[in-house]
Amino acid sequence: MAIIKSNDDAKSYAIDLAMEIGCPTGDMSRLVNCLQVSRTADEIVNASSLVRLKPASVGNPWGPVVDIGQGAMWAFLPETPRSMRSQERFKLFEVMAGLNKDDGSYFIPNVRDLEEGIESNKFGNIINEFLTDRNVEDLFNTKDALEFEYTWWPQPGNKSMIRQMLMDMMTDYMFGTGLDEVVKGQAKHNKTYVYNFNYFSWNDYQPPWRGIAHGQELQYMFGFPYINQTYKELFGVYPRQQYDYQDRNISEYMISMWTNFTASGNPTPKTFDTALHFKNVTWLQYNNFNHSYLEIGNKSRNLINYRQNHYGFWRKYFPQLYNRPNFIKNTGSSSTDDQQKNYQIATYSLVGLSVLLSVIVLSLCIAVYRRRPKDY
């Protein structure tokens, strides 16, 4: 997920990188020349992983920057993509976009016994590490909100579903939310088609719990199920699994739709027999009313409103949480507050009573002392 960086942030991250890699930081020209000439790509990549995010930031330190003062001829990104889309400063052609159901499954921590699932306490630790790495200030409330959003409430302690919800969280955060915003803006101006790839081969080299991971659709899009021994020897391409009839069926299905979209701007045109070529499914355009999309799988179908509640959480609510200062505490437990107040009242009462008793004892001591027999 690429986040637009301000020029000040980009300069600050560049200085941090220069400090990690041993380049001069006082002059930006010398800094850039050092990175370009005196350091290798591997050195820069390794050092960049040590640069920390600023507080109240998401994503990672490295992202696109709006080119200020460069002029339209030289600027790669003259304004933010959101601003340019609102001004319709982009190519008005048809767009096809989508994601895999479990795109984020490669990006969850590789904890012990992951194939057996994830326990509740480990899930909480992973959320805490996720937020700490992004320097979220209001860690307590943000963690509480994330755990609530990605808890499988029918059975919160189910380890397999905790693992699945963690994969869903990373998919929404890294892929889905950004894609959702792009297609919503694109659909205002031209034809847009959105898909969700949800097909898992019986012979897939990935374990079933990994789901439909990032990049799993590419093998079908490029016809890997049709690669036989002749093609293997001719092109040196060796698929990582064996394919069956159903895999070739999905591959033909996707190749046909992608080819037709490239040629005509419509993945399922009426000039073809939809029952024969497209599983009797016409891919409906995406729109901003019911957010229709095509689920590609054994039984492909048009569906609506894919994960809109979760995308709304990341787009609207999560930014409010990570921007809160860290002195804001949880106010949801009134009983805890009442207990604290009662404890304070009891403590102050005991202290007052102790002071009063001390005064009384001191007064009695003084009175006894004054009434003692006097020897003149």
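Around atom NZ of Lys232, more than 12 heavy atoms belonging to other residues, nucleotides or ligands sit under 6.0 Å away.
For the atom pair Asp247 CG and Phe200 CZ, the distance stands at 10.5 Å (nearest 0.5 Å). One finds the CG atom of Asp204 at 6.0 Å from the CD atom of Gln219 (value rounded to the nearest 0.5 Å). Atom OH in Tyr13 sits 10.5 Å away from atom CZ in Arg52 (nearest 0.5 Å). In this structure, Lys101 NZ and Asp103 CG are separated by 11.0 Å, a value rounded to the nearest 0.5 Å. Atom CE of Met167 and atom CE of Met165 lie 10.5 Å apart (nearest 0.5 Å).
No hydrogens or angles considered: a donor-acceptor pair under 3.5 Å links the side chains of Glu217 and Asn100. Checking Gln87 against Ser83 by side-chain atom types alone, a donor-acceptor pair falls below 3.5 Å. The closest side-chain donor-acceptor pair between Tyr205 and Gln216 falls under 3.5 angstrom.
Using bins of under 30°, 30° to 60° and over 60° for the plane-to-plane angle, the ring pair Trp153/Phe148 lands in the tilted bin.
Side-chain atoms of Ser105 come within 3.5 Å of backbone N or O of Arg210 as a donor-acceptor pair. No donor-acceptor distance shorter than 3.5 angstrom exists from the side chain of Glu252 to the backbone of Asn249, with no hydrogens or angles considered. Counting only distance, with no hydrogens or angles, the side chain of Arg39 and the backbone of Gly22 share a donor-acceptor pair below 3.5 Å. Remark: the backbone N or O of Gln285 is paired with a side-chain donor or acceptor of Ser292 at under 3.5 angstrom. Side chain of Asn46 to main chain of Asp42: a donor-acceptor pair is present (N/O by atom type, distance under 3.5 Å, no hydrogens or angles). Side-chain atoms of Asn260 never come within 3.5 Å of backbone atoms of Met257 as a donor-acceptor pair (strictly under, hydrogens ignored).
The aromatic ring centres of Tyr195 and Trp258 sit less than 6.0 Å apart. Phe130 has its ring centre less than 6.0 Å from the ring centre of Tyr173. When ring centroids are compared, Tyr293 and Tyr286 stay outside the 6.0 Å threshold.
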Check the pair Val136 / Lys143 against side chain to side chain contact (heavy atoms under 4.5 Å, CB included), numbers first and verdict last. CA-CA 10 Å; Val136 175; Lys143 176 186 175 184; over 6 Å; no
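Taking 4.5 Å as the limit, some side-chain heavy atom of Tyr199 sits within range of a side-chain heavy atom of Gln246. Between Trp283 and Ser300 the shortest side-chain heavy-atom distance does not fall below 4.5 Å. In this structure, His291 and Ile304 have side chains that are not in contact, with every pair of non-hydrogen atoms separated by 4.5 Å or more. Contact annotation: the side chain of Leu114 approaches that of Ile108 to within less than 4.5 Å [non-hydrogen atoms, C-beta and beyond]. Within the 4.5 Å cutoff, the side chain of Val281 has heavy atoms near those of the Asn302 side chain.
Between Lys184 and Asp180 a salt bridge is recorded (basic side-chain N to carboxylate O distance below 4.0 Å). Salt-bridge formation is detected for the pair Arg307/Asp172: a Lys NZ or Arg NE/NH1/NH2 atom is positioned less than 4.0 Å from an Asp or Glu carboxylate oxygen.
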